[in-house]
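We name chains A, B, ... by the order of the sequence lines, and we start the count at 1 in each one.
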2 protein chains.
Amino acid sequence: MAASTLTEVARLAGVSPATASRVLNGSARKPGEDIAERVRQAAESLGYVPNAQAQGLAKSSSGLIGLIVHDIADPYFAAVARGVQAAAREQHRMVLLATTGGGPAEEREAVAAFAARRADSIVIAGSRSCRDEDKEGNAELAAELDRYCRNGGQVAVVGHPVVGATAPEGYHVVKVPNQELAGRLAAELARSWDGDFVIVGGPEGLLTSDDRVRGFQEGLDKAGRRPAEVLRSAFNRSGGYDAGLELAARIKAAQSGDAHATAKLCIFAVNDVMAIGAAAALRSEGLRIPRDAAIAGFDDIETLRDFRPALSTVRLPLEDIGRLATLATGPRSAGDAAEAASPGGITGEVTLRRSTEAAA
Amino acid sequence: MAASTLTEVARLAGVSPATASRVLNGSARKPGEDIAERVRQAAESLGYVPNAQAQGLAKSSSGLIGLIVHDIADPYFAAVARGVQAAAREQHRMVLLATTGGGPAEEREAVAAFAARRADSIVIAGSRSCRDEDKEGNAELAAELDRYCRNGGQVAVVGHPVVGATAPEGYHVVKVPNQELAGRLAAELARSWDGDFVIVGGPEGLLTSDDRVRGFQEGLDKAGRRPAEVLRSAFNRSGGYDAGLELAARIKAAQSGDAHATAKLCIFAVNDVMAIGAAAALRSEGLRIPRDAAIAGFDDIETLRDFRPALSTVRLPLEDIGRLATLATGPRSAGDAAEAASPGGITGEVTLRRSTEAAA
DNA sequence: CTGTTAGCGCGTTCAG
DNA sequence: CTGAACGCGCTAACAG
């Protein structure tokens with residue numbers, strides 16, 4: 001009761017399997033139109049569906065592209081995934097999805113699984129970590145990727161290269177100017193904001209977070225402001241919420257204290273989701289934005305754009321990032337075309353909105 | 001320069017490929033521990049990665065599960081995808097992702113592609129459509145699914161069966177009580193809301209939308225309220241926004257009109273994303289919620305929970321839905337276990353929040 | 001232009 | 001308990 005095979009189609013059409021293969025798949029040479037039609041009819045009537053596994057085995061190329069994310073329900077990754085999916089579709093490839101929660105060990109597992117499935121390429125979308133506890137995991141991940149590339153696989157990493165990875169043939173990095181953009185955000189904010197700044201960052205060692213923190217501090221410095229204090233918490237909504245609670249307590253203390261000359265705080269959360277969490281915490285403590293504190297994020301997540309007060313942030317073309325990563329691992333021409341389309345690589349845009357307006 | 005094969009491992013270990021296969025994969029028969037260790041060492045030193053394509057060919061079972069969504073960046077689908085992914089991972093299966101934009105023709109394509117890859121099962125997460133224009137597409141999709149099931153594939157559809165599909169062996173439907181829940185939402189709203197209701201629905205013929213519209217009307221009826229007018233627009237944020245603009249105009253007209261006795265409107269958008277769009281439109285027209293109008297959604301999308309005013313909605317366990325669909329298509333035991341775990345199937349919960357509070 | 005042959009890498013009978 | 005042979009479905013070299 002299994003699906004019908006090419007051989008069966010060929011038999012029904014009264015030709016050899018090779019001929020059937022030539023007409024049903026884009027072979028270089030075209031059989032006669034008369035016989036071709038017969039084969040097509042046979043295939044149709046049998047409901048023939050080619051076995052991609054067998055094709056892959058024979059051609060050693062699967063048409064599969066593996067995508068590794070921390071969490072597909074996180075809108076950041078969902079947006080990147082959309083780009084990957086769209087580009088894959090254009091290239092007639094299919095996306096294999098793996099979610100890892102961000103641990104290098106699980107990422108290594110995912111790479112191995114993709115390698116086993118003979119995925120033609122792999123896109124790693126999640127932020128890299130260089131924490132000590134991840135050191136071993138990173139090394140193993142690097143080794144796995146290295147082997148994968150040596151076997152002809154293509155890899156694209158968003159943001160930073162995998163820590164410790166040598167850069168073999170077929171290893172691409174889609175650079176995201178997190179640091180520079182965070183610096184520009186700081187510069188723009190410094191223009192309209194007199195008070196102090198606080199940064200709500202992810203765990204130390206998360207490269208994306210670290211870049212944004214560093215860039216923001218640089219921006220402040222160039223604007224002649226003193227460095228911001230950095231609060232560390234989880235790189236998600238709940239981390240932002242925790243940090244927000246802490247900040248709310250401080251703000252309320254300052255407000256009720258005698259030294260109420262303390263200027264208002266501007267909070268920079270290293271991503272939008274954390275910023276929303278922090279904002280929720282402030283609100284739950286009875287504070288209002290931007291009256292009692294300003295807040296800015298990073299990424300410009302689409303779903304969050306209707307949030308009020310509108311969140312100041314840095315727009316990142318997440319979909320393009322996914323698309324670019326995919327194209328980089330695709331056929332030669334596609335990668336070049338992508339490079340030609342956006343020569344400088346990914347770029348973002350500081351977007352100031354209501355949440356950081358100085359007016360009380 | 002390709003990956004090393006089982007044969008190479010066997011040669012290095014000085015055994016036959018069959019033996020190597022037996023030790024490296026969970027075969028029924030266990031070779032001697034001494035030789036097993038030698039094989040493992042050889043595999044390790046060669047960096048052997050089994051070829052899943054070949055395994056699949058030999059065993060005719062790929063360990064792949066195909067997931068079809070309208071748009072992976074839509075938080076609804078992203079949440080379902082997370083559940084599917086999690087369940088797949090537990091079963092040591094991998095997820096193949098396809099996004100179709102909702103058209104039956106593209107869904108058919110996706111099913112065919114999954115079938116070609118010999119996915120063991122397919123989960124279809126997007127709402128079904130019974131519009132006339134989709135009739136032909138639905139029929140072809142149904143035929144494709146039918147064939148897939150006949151060839152031993154497992155299918156799970158979230159919400160409604162594919163229109164026109166016979167229900168072959170291996171065809172499961174994860175039922176979602178949209179109608180009943182919408183009815184309960186209407187009932188609860190009717191308790192605290194005196195004014196009229198308006199429904200912002202998706203295009204007519206979108207089954208999920210239709211169910212929610214119908215259920216809401218039923219709920220109103222049972223509560224002794226008159227039926228709500230139904231506005232139709234796209235089943236996404238932008239559709240909600242369009243409808244919101246229209247409603248804003250009406251509300252403003254009513255407010256400035258002499259007959260200002262017109263009671264306030266309560267808007268029910270058939271999903272959260274549309275509700276947020278509608279809310280944004282009202283706001284952009286200078287109206288406030290719930291002062292000038294109340295609004296409720298459906299789904300309880302996680303990312304939207306920090307939205308203010310907090311959105312009244314119906315909580316749907318999206319992740320569980322994905323998980324259940326996946327388990328239903330899995331090994332016999334898994335499906336039964338899932339059924340045992342939630343015997344009545346999916347259930348939701350009406351959640352009233354600030355956006356529909358009657359107090360001005 | 002078509003048919004035949006030989007693998008792709010692995011699981012799984014069968015003998016030994 | 002091990003090894004040799006065959007087949008999974010298809011493509012790519014040859015031969016006709």
Side-chain angles (χ1 to χ4, degrees), chain A residues 1-40 42-43 46-64 112 115-120 151-152, chain B residues 1-40 42-43 46-64 112 115-120 151-152:
Chain A
M1 191 59 89
S4 41
T5 79
L6 185 63
T7 310
E8 291 171 17
V9 173
R11 190 169 354 177
L12 202 164
V15 299
S16 78
T19 303
S21 170
R22 291 192 259 257
V23 25
L24 292 176
N25 313 25
S27 176
R29 300 198 337 275
K30 297 260 165 193
E33 184 50 41
D34 49 345
I35 202 66
E37 191 48 34
R38 242 192 318 158
V39 171
R40 254 165 290 187
L46 282 179
Y48 170 70
V49 177
N51 187 326
Q53 308 220 85
Q55 291 185 165
L57 230 202
K59 296 194 300 193
S60 51
S61 130
S62 61
L64 254 27
R117 299 236 134 77
R118 295 304 185 265
D120 299 330
N151 290 339
Chain B
M1 191 57 90
S4 40
T5 79
L6 185 63
T7 310
E8 291 170 19
V9 173
R11 190 168 354 178
L12 202 164
V15 298
S16 78
T19 305
S21 170
R22 291 192 258 257
V23 27
L24 292 177
N25 312 25
S27 176
R29 316 279 306 261
K30 297 259 166 193
E33 184 50 43
D34 50 344
I35 202 66
E37 190 50 33
R38 243 194 314 158
V39 172
R40 255 164 294 195
L46 281 180
Y48 169 70
V49 178
N51 186 326
Q53 307 219 89
Q55 291 185 162
L57 231 202
K59 295 193 303 194
S60 53
S61 128
S62 61
L64 254 28
R117 299 237 132 77
R118 295 302 186 264
D120 299 329
N151 289 338

Taking only N/O atoms, report every protein-nucleotides 14-16 of chain C pair under 3.5 Å with atom names and distance.
none

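- Among dC10(C), dT4(C), dC10(D), the nucleotide with an atom closest to any side-chain atom of N51(B) is dC10(C).
- Shown here for R118(B) and V49(A), the closest heavy-atom pair between the two residues is NH2-O, 3.3 Å.
- Partners of T19(A) under the side-chain hydrogen bond (donor to acceptor under 3.5 Å, both in side chains) rule, at least two apart in sequence or in another chain, are S16(A).
- I35(A) places its CD1 atom 11 Å from the C1' atom of dC1(C), with the value rounded to the nearest Å.
- For R117(A) and dC10(C), the CZ to C1' distance is 14 Å, given to the nearest whole Å.
- Here the CD-NZ distance, from Q53(B) to K59(A), works out to 10.5 Å after rounding to the nearest 0.5 Å.
- For S16(B), whose side chain is taken as the heavy atoms from C-beta onward, the closest listed nucleotide among dG9(D), dA4(D), dG3(C) is dA4(D).
- Note: CG (L6(B)) to P (dG7(C)) measures 18 Å, nearest angstrom.
- Residue P50(A) is classed as a sugar-phosphate contact, given heavy-atom separations below 4.0 Å to backbone atoms only.
- OP1 or OP2 of dG11(C) has at least one side-chain nitrogen or oxygen of S21(B) nearer than 4.0 Å.
- Both Q53(B) and P17(B) lie near DNA chain C, and the one whose nearest nucleotide falls closer to the 5' end is Q53(B).
- Residues satisfying the side-chain hydrogen bond (donor to acceptor under 3.5 Å, both in side chains) criterion with S60(A), sequence neighbours excluded, are absent altogether.
- Comparing atom distances between the K59(A) side chain and each of dA12(D), dT2(D), dC10(D) picks out dA12(D) as nearest.
- One can place CD of E8(A) at 8 Å from P of dG9(D), the figure rounded to the nearest angstrom.
- Contact annotation: the side chain of R11(B) approaches that of T7(B) to within less than 4.5 Å [non-hydrogen atoms, C-beta and beyond].
- Distance CG (N151(A)) to P (dC8(C)): 16 Å, rounded to an integer number of Å.
- Atom OG of S21(B) and atom CD of Q55(B) lie 8.0 Å apart (nearest 0.5 Å).
- Counting only distance, with no hydrogens or angles, the side chain of R38(A) and the backbone of A13(A) share a donor-acceptor pair below 3.5 Å.
- Comparing dC10(C), dA4(D), dG3(C) by their nearest atom to the side chain of V15(A) picks out dG3(C).
- For A58(A), the listed nucleotide lying nearest its side chain is dC10(D); candidates were dG3(C), dC10(C), dC10(D).
- Considering only side-chain N and O atoms, Q55(A) lies under 4.0 angstrom from the phosphate OP1 or OP2 of dT11(D).
- What separates CG of L24(B) from P of dG9(C) is a distance of 16 Å, to the nearest Å.
- Residue S60(A) is out of contact with every strand shown, counting any heavy-atom pair closer than 4.0 Å.
- A heavy-atom distance below 4.5 Å is found between the side chains of V39(A) and L24(A).
- If you take CG of L57(B) and C1' of dT11(D), they are 12 Å apart, rounded to a whole angstrom.
- Residue R118(A) contributes atom CZ, which lies 18 Å from atom C1' of dT11(D) at whole-angstrom precision.
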